[in-house]
Amino acid sequence: MGSAKGDEYLSTLRHSAAHIMAQAVKELFPGVKLAIGPSTEEGFYYDFDYEGTFSEEDLPKIEARMREIVAQDLPFIREEMAKEEALRFFQERGESYKVELLEEIPDDRVTIYRQGDFVDLCRGPHVASTGEVKAFKLLSVAGAYWRGDERNRMLQRIYGTAFPTEEELKAFLDRLEEAKRRDHRRLGKELELFSTHEEVGPGLVIWHHRGAMVRWLLEEFERREHLKRGYQFVVGPHILKAELWRRSGHYDYYREHMYFTEVEGQEYALKPMNCLAHIMVYRSRQRSYRDLPLRLFELGTVHRHERSGVLHGLLRVREFTQDDAHIFCRPDQLHDEIRGILDFVQEAMELFGFSFEAELSTRPEKSIGTDEDWERATKALREVLEEEGFSYEVNEGEGAFYGPKIDIKLEDALGRKWQCATIQCDFSLPERFDLSYIGADGSKHRPVMIHRVILGALERFVGVLIEHYKGAFPLWLAPEQVRVLSITDRHIPYGEEVCRRLQQEGVRAEGDFRNEKLGYKIRQAQLEKVPYMLVVGDRELEEQKVAVRSREEGDLGAMTLEAFLEMVLPHCGIPSLGGR
RNA sequence: GCCCACGUAGCUCAGUGGUAGAGCGCUUCCUUGGUAAGGAAGAGGUCAUCGGUUCAAUCCCGAUCGUGGGCUCCA
């Protein structure tokens, strides 16, 4: 990351690159209309309206034309113009999108930028001339709705990136390659973690033994941590009567994401969220203020009908399991509960080596509940964020339909951001289900409900972990922790004995006793990211030792099995967070 | 859902309007070899599915399903 000034220059450079691309496209494809073309965090894009279509094959052609424009070193010329004049100007050129944009500009005067024959409505700034844009590359073509609204016409977007130097561009492209290498979909197949199948259906994951082990370890970790923090475990059904979803508001507000079925003339819905069963637990008896907070936890599997175009490996699926909990508390406890959750999140993220940032989302247009409720919940979330010293962004109108929320975006080893944890206040469901507790004053009061997940969807979290660790899970999460390698057939019995001993100690050990050369077995174990390899041959058999090789550090020499166990056992088990 | 691509052996990918190929993997045999690939032989594909054009389609066209890159949406 450069300085603030450096970032500014970078975005100016990229914005200028976008103009150069637009010029090239207009020259190569007559009839193209310009929409918008900003810089982004990773580069730039320009949206075009064109009767034909662009494909990836057009990119080299456009790039070549761009290089010519760069070689001409055309100055970027800023001009001020009366708005009326600009309107006429763009109208004459048939640039209807620019006209639409102009009509919304309140000022009387606007600026345009020219390079050569190309003119664009633009606030600027730009670099001095096209010659300054040297290191750039076009990356992809995509569809994009005009103004990001799917009711509008779909435009054609071309993405590219630009940097001050070729070296920086190359570093960026290398990083894209690196991301491809650690793509969880690729590693998931190579490491036998999971698979998806056309015959099964899109967005539905099948966990293979290794992936299932990672998941099981995470689940076990979750159970222990939740138990430590005063959560109670509950389990709810997968289908619940549609009538219940009507009462909760999901039927009205979330219907398009739900699957329905009919049983004996009754309409049922496959749960897209776990909250209703938890509410039923709360309602099963009279609650006292002394019972609160009631923290109900469930590794809850939910089904959501996601639109086909959004599915992506493990990161966006149609069936997933959340580490979900609902906390029912008194309004005066809200603050401490939110704090407890944020502490939990913070400790968990540290364990996995993620940094993260918080986002506070406020009331959306489509929502239920009173203004007063929304205000109170938003305030509580904001207060805790500030007391805990979290830096956070506010996303106006991005909250759930039932309440405001804090989303935690974690950042992986490549600096990419993922949403996992979320904390959502809810004043609506307690109202709709008429939840109450008897206060110290002997009268009924309304509890507050918090929906929260720590790792979020396990599918997504495992996907992020795979990419974060490049498939090389830390010892405690490695599906196979140790592999015992025999050198020749006569070492097999000893190898089996070593393997058994390890398994008895709770170490996940497997043997590779095939008739293959040691180098071959090591290569395979390395590629499969097994943390430790134990080689057994004549020398080890003789001395009753094992030759230890670490995935990261290579050959560690021979030692007794006891010495090896002493070294690794402390790191083999499921870790425990510090807690509050 | 929308825009653009793609779908060939278990995997990664070549290829052609005249019924298909490589590497890895798999099987068998030889080899018993000390820290990232020992050798040989063999098996394996209705070229995603359905329809159309054509004397002839894996290849051209259309639809469907699935996947990828985006948009919108989201854990």
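Residue numbers start from 1 in every chain, and the chains themselves are labelled A, B, ... in the order their sequence lines are given, proteins ahead of strands. Keep in mind that this is a model prediction, so the values were computed, not measured.
Spacing of P atoms, rC47(B) relative to rG7(B), comes out at 14 Å, to the nearest Å. rC50(B) and rA37(B) have their P atoms separated by 45 Å, given to the nearest Å. When the C1' atom is compared between rG25(B) and rC13(B), the two are found 14 Å apart, to the nearest whole Å. Distance check on atom C1': rA57(B) versus rU8(B) gives 14 Å, rounded to whole Å. Rounded to the nearest Å, the gap between the C1' atom of rC30(B) and that of rA48(B) is 41 Å. Comparing rG10(B) with rG44(B), their P atoms are spaced 12 Å from each other, to the whole Å.
Taking the six-membered ring for Trp and the full ring otherwise, His305(A) and His257(A) have centroids separated by 6.0 Å or more. Between Tyr231(A) and Phe233(A), the ring centre distance reaches or exceeds 6.0 Å. Residues Phe44(A) and Tyr159(A) keep their aromatic ring centres 6.0 Å or farther apart. With ring centers used as reference points, Phe344(A) lies under 6.0 Å from His226(A). Checked against a 6.0 Å centroid threshold, the rings of Phe163(A) and Phe136(A) do not count as neighbours.
Backbone-only engagement by Gly519(A) is indicated by non-hydrogen atom pairs under 4.0 Å involving sugar-phosphate atoms exclusively. Heavy atoms of Arg490(A) sit under 4.0 angstrom from primed sugar atoms or phosphate atoms, though from no base atom. Among the atoms of the strands shown, base atoms are found under 4.0 Å from some heavy atom of Gln526(A). Within 4.0 Å (heavy atoms only), Asp538(A) reaches at least one base atom of the nucleic acid. Within 4.0 Å (heavy atoms only), Glu540(A) reaches at least one base atom of the nucleic acid. Across all strands shown, Val302(A) has no heavy atoms under 4.0 Å from either base or sugar-phosphate atoms. Ala547(A) comes within contact range of at least one nucleobase, with a heavy-atom separation under 4.0 Å. Counting non-hydrogen atoms under 4.0 angstrom, Gly313(A) reaches the backbone sugars and phosphates but no base. Residue Gly148(A) is classed as a sugar-phosphate contact, given heavy-atom separations below 4.0 Å to backbone atoms only.
Look at Arg185(A) and Glu467(A) and you find no salt bridge, because none of the NZ, NE, NH1 or NH2 atoms lies under 4.0 Å from a carboxylate O. A salt bridge does not link Arg539(A) to Glu542(A): none of the charged side-chain nitrogens sits closer than 4.0 Å to a carboxylate oxygen. A salt bridge does not link Glu190(A) to Arg210(A): none of the charged nitrogens lies less than 4.0 Å from a carboxylate oxygen. Taking the charged nitrogens against the carboxylate oxygens, Lys405(A) and Glu359(A) have no contact shorter than 4.0 Å, which rules out a salt bridge. The residues Asp149(A) and Arg147(A) are annotated as not salt-bridged, no charged nitrogen and carboxylate oxygen being separated by less than 4.0 angstrom.
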Protein and nucleotides 3-8 of chain B: nitrogen or oxygen contacts under 3.5 angstrom:
{"unit_1": "rC3(B)", "atom_1": "O2", "unit_2": "Gly143(A)", "atom_2": "N", "d": "3.0"}

With the criterion being N/O to N/O and under 3.5 Å, what pairs connect the protein with nucleotides 11-13 of chain B, and how long is each?
{"unit_1": "rU12(B)", "atom_1": "OP1", "unit_2": "Lys189(A)", "atom_2": "NZ", "d": "3.3"}

Might you list the N or O atoms of the protein lying below 3.5 Å from N or O atoms in nucleotides 22-26 of chain B, with each pair's distance?
{"unit_1": "rG25(B)", "atom_1": "OP1", "unit_2": "Tyr520(A)", "atom_2": "OH", "d": "3.0"}

Please tabulate, one pair per line, each protein N/O and nucleotide N/O from nucleotides 29-31 of chain B that are separated by under 3.5 Å, including the distance.
{"unit_1": "rU31(B)", "atom_1": "N3", "unit_2": "Asn515(A)", "atom_2": "ND2", "d": "3.0"}
{"unit_1": "rU31(B)", "atom_1": "O4", "unit_2": "Asn515(A)", "atom_2": "ND2", "d": "2.1"}

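Regarding contacts with the backbone of rG69(B), a side-chain N or O of Arg185(A) is found under 4.0 angstrom from either OP1 or OP2. In this model, the phosphate group of rC74(B) is not approached by any side-chain N or O of His312(A) to a distance below 4.0 Å at OP1 or OP2. Lys405(A) has a side-chain polar atom (N or O) that falls below the 4.0 Å cut-off from OP1 or OP2 of rA75(B).
Comparing rC74(B), rG38(B), rG34(B) by their nearest atom to the side chain of Glu516(A) picks out rG38(B). The listed nucleotides are rG34(B), rG38(B), rA75(B); the one nearest the side chain of Ile487(A) is rG34(B). Here rU35(B) is the nucleotide among rU35(B), rC73(B), rG38(B) with the atom lying nearest to any side-chain atom of Leu518(A). Closest to the side chain of Ser308(A), from the set rG1(B), rG33(B), rG70(B), is rG1(B). Listed candidates were rC71(B), rA75(B), rG69(B). Nearest to the side chain of Ser140(A) is rG69(B). Taking the side chain of Val535(A) as heavy atoms from C-beta on, and the options rA75(B), rG34(B), rA36(B), the nearest nucleotide is rG34(B). Side-chain proximity of Glu306(A) to the nucleotides rA75(B), rG33(B), rC71(B) is greatest for rA75(B). Out of rG1(B), rG69(B), rG34(B), the shortest distance to the side chain of Val310(A) is found at rG1(B).
For rC74(B), its base never sits under 3.5 Å from the side chain of Arg307(A) at any donor and acceptor pair. Below the 3.5 angstrom threshold, one finds no donor paired with an acceptor across the side chain of Arg523(A) and the base of rU35(B). A donor N or O paired with an acceptor N or O is not found under 3.5 Å between the base of rG70(B) and the side-chain atoms of Tyr145(A).
Only one option out of Tyr254(A), Tyr251(A), Trp245(A) pairs with Phe260(A) in a ring pair (Phe, Tyr, Trp, His ring centres under 6.0 Å); it is Tyr251(A). When the options Arg14(A), Arg175(A), Lys137(A) are evaluated for a salt bridge (Lys or Arg N to Asp or Glu O under 4.0 Å) with Glu42(A), the one that passes is Arg175(A). Remark: of the listed residues Lys98(A), Lys26(A), Arg153(A), Arg153(A) is the sole one forming a salt bridge (Lys or Arg N to Asp or Glu O under 4.0 Å) with Asp49(A). Each of Leu410(A), Leu314(A), Ile454(A) was scored for a side chain to side chain contact (heavy atoms under 4.5 Å, CB included) with Phe461(A), with one residue passing: Leu410(A).
Evaluation of the salt bridge (Lys or Arg N to Asp or Glu O under 4.0 Å) test over residues 314-324 of chain A, restricted to residues two or more places apart or in two chains, returns Glu306(A)-Arg316(A).
The closest donor-acceptor contact from the side chain of Glu459(A) to the backbone of Thr321(A) lies under 3.5 Å.
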Intra- and inter-strand pairs of RNA chain B in dot-bracket (Watson-Crick or G-U wobble, both distances under 3.5 Å; | for another strand): (((((((..((((....[..)))).(((((.......))))).....(((((..]....))))))))))))....
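Between Glu459(A) and Pro202(A), it is Pro202(A) whose nearest contact on RNA chain B lies nearer the 5' terminus. Between Gly399(A) and Leu527(A), the residue whose closest nucleotide on RNA chain B is further toward the 5' end is Leu527(A).
For the atom pair CD of Gln322(A) and CZ of Arg452(A), the computed distance is 10.0 Å after rounding to the nearest 0.5 Å.
Stacking of Tyr159(A) onto the six-membered ring of rG70(B) is not present when judged by under 5.5 angstrom between centres and under 30° between planes.
Checking Lys189(A) against Ser195(A) by side-chain atom types alone, no donor-acceptor pair falls below 3.5 Å.
Using a 4.5 Å heavy-atom cutoff, the side chains of Phe297(A) and Val234(A) are not in contact.
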